[in-house]
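Have a look at the structure below, then the notes.
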There are 2 protein chains.
Amino acid sequence: MNFKQHIEENKDHYLNDLFTLLRQKSISAQNDGVRDCAALVVGKLKEAGITHVEIIETEDHPVVYAEQHVSDDAPTMLIYGHYDVQPPDPLEEWKSPPFEPTIRDGKIYARGVGDNKGQMLAQILAAQTYIATAGELPLNVKFVFEGEEEIGSKNLPTFVETHKEKLAADFVYTSDGPMLSSGNPYVLLGTRGMLYVELKAKGSDFDNHSGNKGNIAQNPAWKIIELLQSMRDDEGNILIEGFYDDVEVPTDLERQLLEQLPFNIEELREQVGDQRIDLSKADYYKKLCFEPTFNIAGFSSGYSGEGAKTIIPSEATVKMDMRLVNNQDPDEIFERFKAHASKFAPDITVAKIGAMSPSRTSADYQIVETVREATERSFERKTFIQPSLGGSLPNHVWTNILGVPSVIVPYANADEANHSPNENLVVDNFYKGILCTCEVMKAASQMTKDELLQKRTTLA
Amino acid sequence: MNFKQHIEENKDHYLNDLFTLLRQKSISAQNDGVRDCAALVVGKLKEAGITHVEIIETEDHPVVYAEQHVSDDAPTMLIYGHYDVQPPDPLEEWKSPPFEPTIRDGKIYARGVGDNKGQMLAQILAAQTYIATAGELPLNVKFVFEGEEEIGSKNLPTFVETHKEKLAADFVYTSDGPMLSSGNPYVLLGTRGMLYVELKAKGSDFDNHSGNKGNIAQNPAWKIIELLQSMRDDEGNILIEGFYDDVEVPTDLERQLLEQLPFNIEELREQVGDQRIDLSKADYYKKLCFEPTFNIAGFSSGYSGEGAKTIIPSEATVKMDMRLVNNQDPDEIFERFKAHASKFAPDITVAKIGAMSPSRTSADYQIVETVREATERSFERKTFIQPSLGGSLPNHVWTNILGVPSVIVPYANADEANHSPNENLVVDNFYKGILCTCEVMKAASQMTKDELLQKRTTLA
């Protein structure tokens with residue numbers, strides 16, 4: 001019996017497993033049901049036939065860890081996922097209760113079904129399917145399912161750091177997030193990092209009358225504007241010394257990949273909500289994958305109500321996020337940012353609110369193409385490779401700390417509405433995800449470790 | 001019997017008149033008691049012995065107008081004041097009820113006692129004192145008491161425009177606002193004007209994810225910062241074409257006046273709430289009286305809550321006020337501002353929220369020195385002349401529309417707390433204000449119209 005037949009015959013059973021998992025709350029932000037859910041995941045792994053399953057404590061929510069060792073010669077695949085979910089609010093916008101999974105029009109509606117329980121369970125059920133059909137997994141598999149992804153994976157870097165040997169693998173495989181908006185699957189090779197800072201400029205101890213003290217009291221809004229403009233020219237180039245030093249230019253292969261990606265300018269304008277957007281495909285992906293951002297996420301100073309208030313504000317605050325590309329180090333960028341600010345405007349305080357390293361897996365590893373082909377076979381749709389996501393995920397723990405290639409293959413539909421009301425997953429994507437994981441395991445097992453990491457310079 | 005004796009003998013009676021006026025609400029913003037208060041003012045003017053008193057309707061609250069013509073040869077003094085008050089909120093911060101005048105430690109506490117009922121009534125009671133002691137006023141007097149000063153004097157320009165002949169006078173006299181913080185009286189010769197604008201930059205139709213759309217969606221905060229910086233260099237000079245074209249440099253006499261004004265850097269630092277302020281006396285008054293401002297009163301865009309939100313804001317709004325000096329025209333400056341914005345950033349919208357013309361009376365009119373001397377005699381303290389207030393008042397209706405010199409002599413103590421809870425007036429200032437008005441009338445009456453407007457080039 002092949003994978004597809006086995007999945008077909010166990011459809012109801014597998015869907016039932018998913019429903020059980022979805023009914024169990026696991027809201028990490030509210031510590032609601034997280035441990036009970038971890039226990040369910042442990043049960044599912046054991047039921048799938050995985051012999052070594054354990055719960056590993058962190059400073060907050062535990063990691064469910066499992067491994068199946070089949071041969072010292074076989075490659076090792078590390079599967080990463082998370083079993084925690086976002087809070088379901090606002091509840092009144094859900095058409096069916098978030099923790100009572102409901103199928104409508106071929107989609108399962110429930111909190112966490114796309115992000116990430118459906119995609120995570122597909123991995124476990126793939127192992128179950130493989131063992132049931134072939135008697136055993138074809139390669140060594142390690143599972144790391146964390147319970148803190150929705151609250152910033154704050155203990156994951158330390159967890160990986162302290163369990164480097166235990167987690168040793170040849171490649172990391174993750175299914176999270178949505179497919180391309182064209183509906184095509186894709187293999188994602190990295191994420192941008194992030195540095196989030198807050199600038200605070202202080203003027204007087206209180207707001208002053210803009211007439212009686214106009215030209216006399218310092219205006220902190222102007223101070224902060226001057227600082228910001230000293231950091232950036234009118235074309236948007238960052239003038240902070242060394243900001244671009246570690247930015248890598250795309251390789252020939254990466255440029256070829258960008259060219260092959262789908263691109264629809266009308267769809268992009270719709271998504272962004274701005275009909276003025278005018279970009280070529282090459283520019284769009286280059287700006288998104290290979291260029292850092294320097295974004296004002298918030299600027300607040302003085303009066304913002306109706307009409308007029310005539311004051312010189314006493315304070316101005318700016319929140320900025322910088323999405324960093326490979327090989328920028330957020331801590332180093334923060335030091336450079338601070339150095340610039342303290343030289344130019346020593347009175348303005350700079351605070352680091354958050355930081356995450358970027359991550360990139362070389363597009364030329366053979367495993368990347370192997371996974372792409374397996375995905376294309378399983379989903380029966382053209383499958384792309386994108387060198388980096390515009391957003392930030394803790395993928396750097398695999399590429400930087402563990403030091404292995406990491407590929408992300410989203411199984412969810414583009415309109416999964418993760419983090420939002422009526423989160424959903426196309427039922428068929430759940431089954432295809434199980435199949436896809438089986439195909440990836442099979443394809444990878446047919447190669448030696450060396451072959452997996454072989455380099456290529458052009459696309460197939 | 002002289003003025004001083006008469007006032008001394010009628011102290012209780014005059015204070016009682018003030019209390020009656022203070023008990024009558026006249027909150028223009030809430031249309032609470034305004035007409036009843038106008039009727040009280042009419043009664044007081046008649047009781048003082050003024051024969052022609054009338055109520056003149058405007059589009060909103062009425063003007064109480066009165067005049068006493070004594071001789072075609074005598075100069076005519078126009079007295080301006082207002083009988084409306086600010087709302088008393090927050091009520092809980094008042095130590096005694098705002099409309100039940102209470103004396104504590106030599107001060108009267110009540111809403112409007114300083115701004116402007118106490119100062120306005122002092123003018124009426126001066127007429128009463130003069131007539132009671134001398135049998136008649138020594139010069140022609142016209143009274144214009146409006147009921148909309150606290151809501152922007154919006155009908156006053158039209159009122160003056162349409163009653164130019166009726167209001168014809170040789171000089172305008174106003175008592176409003178506080179004395180110098182040193183405790184010295186002063187004669188104020190003008191006010192800065194104002195232009196209040198709102199800039200709105202639109203990015204996308206909604207906030208975008210700063211990762212997924214970072215470098216793709218336009219950030220309106222950057223757009224508005226670029227526009228603002230194009231309007232101003234790092235030293236604060238305004239780069240809008242023609243912005244300074246009509247700014248007048250101080251005359252020699254005005255420069256001499258600035259040098260004579262009191263100045264205490266420690267006190268200024270305290271008032272502004274900023275110990276870093278470091279200015280010479282000459283710079284301080286030049287910046288305050290003779291230089292326009294270009295102030296950001298509010299800047300709001302994106303997220304301003306705790307911690308981080310990773311968005312590209314869809315909108316950025318900036319509120320600006322520009323205090324304009326003689327001879328800048330707010331409508332013209334607005335056109336120049338708009339022209340700059342539309343050339344540099346045509347997508348950013350510019351709206352005019354408010355405008356008021358600046359005003360200036362030449363320091364070299366003899367009447368200015370005459371009023372200063374009368375004030376010094378009455379208050380028995382060194383009395384200064386300041387060419388302009390940093391703030392804005394509708395004084396331009398007299399200097400620009402009526403075309404006559406206008407002097408402002410505040411009678412209230414520096415800590416009168418106008419517009420705030422526990423507004424107050426030193427009792428003695430009320431009586432000295434009555435005396436001062438008598439002395440001004442007397443001194444002005446001893447000169448011909450021509451002598452009043454004679455020019456001098458140096459200080460006495």
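A note on names: the letters A, B, ... follow the listed sequences, proteins ahead of strands, and every chain is numbered from 1. What you see below is based on every heavy atom in this structure, not just the backbone, and it leaves out hydrogens, waters and symmetry mates.
Looking at B:I353, the atoms closer than 4.5 Å to chain A (heavy atoms on both sides) all sit in the side chain, from C-beta outward. For A:Q271, the parts lying under 4.5 angstrom from a heavy atom of chain B are both the backbone and the side chain. For A:L228, the parts lying under 4.5 angstrom from a heavy atom of chain B are both the backbone and the side chain. Heavy atoms of B:L279 lying under 4.5 Å from chain A belong exclusively to its side chain. Using a 4.5 Å cut-off between heavy atoms, B:T310 contacts chain A through both its backbone and its side chain. Proximity to chain B involves both the backbone and the side chain of A:K287, based on heavy atoms less than 4.5 angstrom apart. Looking at B:P292, only its backbone comes within 4.5 Å of chain A, counting heavy atoms on both sides. Residue B:R232 touches chain A through its side chain alone, counting heavy-atom pairs closer than 4.5 Å.
Across all non-hydrogen atoms, the minimal contact from B:K309 to A:Y196 is O-OH, 2.8 Å. Nearest approach of B:A217 to A:V272, heavy atoms of both residues: CB-CG1, 3.6 Å. When all heavy atoms of A:I296 and B:A221 are compared, the closest pair comes out as CG2-CB, 3.9 Å.
Chain B forms the most heavy-atom pairs under 4.5 Å with one residue out of A:A316, A:S392, A:S300, and that residue is A:S300. Between chain A and the residues B:G354, B:G302, B:G236, B:A308, the largest count of heavy-atom pairs under 4.5 Å involves B:A308. Ranked by heavy-atom pairs under 4.5 Å with chain B, the first of A:G390, A:P313, A:S301 is A:S301. Interface summary for chain A: among B:N212, B:I216, B:I225, B:D274, the most heavy-atom pairs under 4.5 angstrom belong to B:I216. Of the listed residues B:G391, B:G298, B:G273, B:A351, the one with more heavy-atom pairs under 4.5 angstrom with chain A than any other is B:G273. Put simply, of B:I312, B:T317, B:L389, the one with the most heavy-atom pairs under 4.5 Å next to chain A is B:I312. Listed options A:N219, A:I277, A:V318, A:T191 were ranked by heavy-atom pairs under 4.5 angstrom with chain B; first place goes to A:N219.
Summarising the local packing, CD of B:E270 is surrounded by 12 or fewer heavy atoms from other residues, nucleotides or ligands at distances under 6.0 Å. More than 12 non-hydrogen atoms from other residues, nucleotides or ligands lie less than 6.0 angstrom from CD of A:E266.
Remark: side-chain polar atoms of A:W222 are not paired, donor with acceptor, to backbone N or O of B:N295 under 3.5 angstrom. A donor-acceptor pair under 3.5 Å is absent between the side-chain atoms of B:R323 and the main chain of A:G214, judged by distance alone.
Interface with chain B: from residues 201-208 of chain A, residues A:K202, A:G203, A:S204, A:D205, A:F206, A:N208 qualify, criterion being any non-hydrogen pair under 4.5 Å.
Counting heavy atoms from C-beta on, the side chains of B:R276 and A:D347 come closer than 4.5 Å. In this structure, A:I224 and B:F299 have side chains that are not in contact, with every pair of non-hydrogen atoms separated by 4.5 Å or more.
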Derivation and outcome, side chain to side chain contact (heavy atoms under 4.5 Å, CB included), residues B:L288 and A:N215: CA-CA 6 Å; B:L288 196 68; A:N215 283 351; over 6 Å; no
Evaluation steps, side chain to side chain contact (heavy atoms under 4.5 Å, CB included), between B:E226 and A:Q229: CA-CA 8 Å; B:E226 284 166 16; A:Q229 280 290 86; 4.2 Å; yes
Candidate pair B:D321 and A:S210, rule side chain to side chain donor-acceptor pair (under 3.5 Å), full reasoning: CA-CA 8 Å; B:D321 68 11; A:S210 72; 2.4 Å; yes
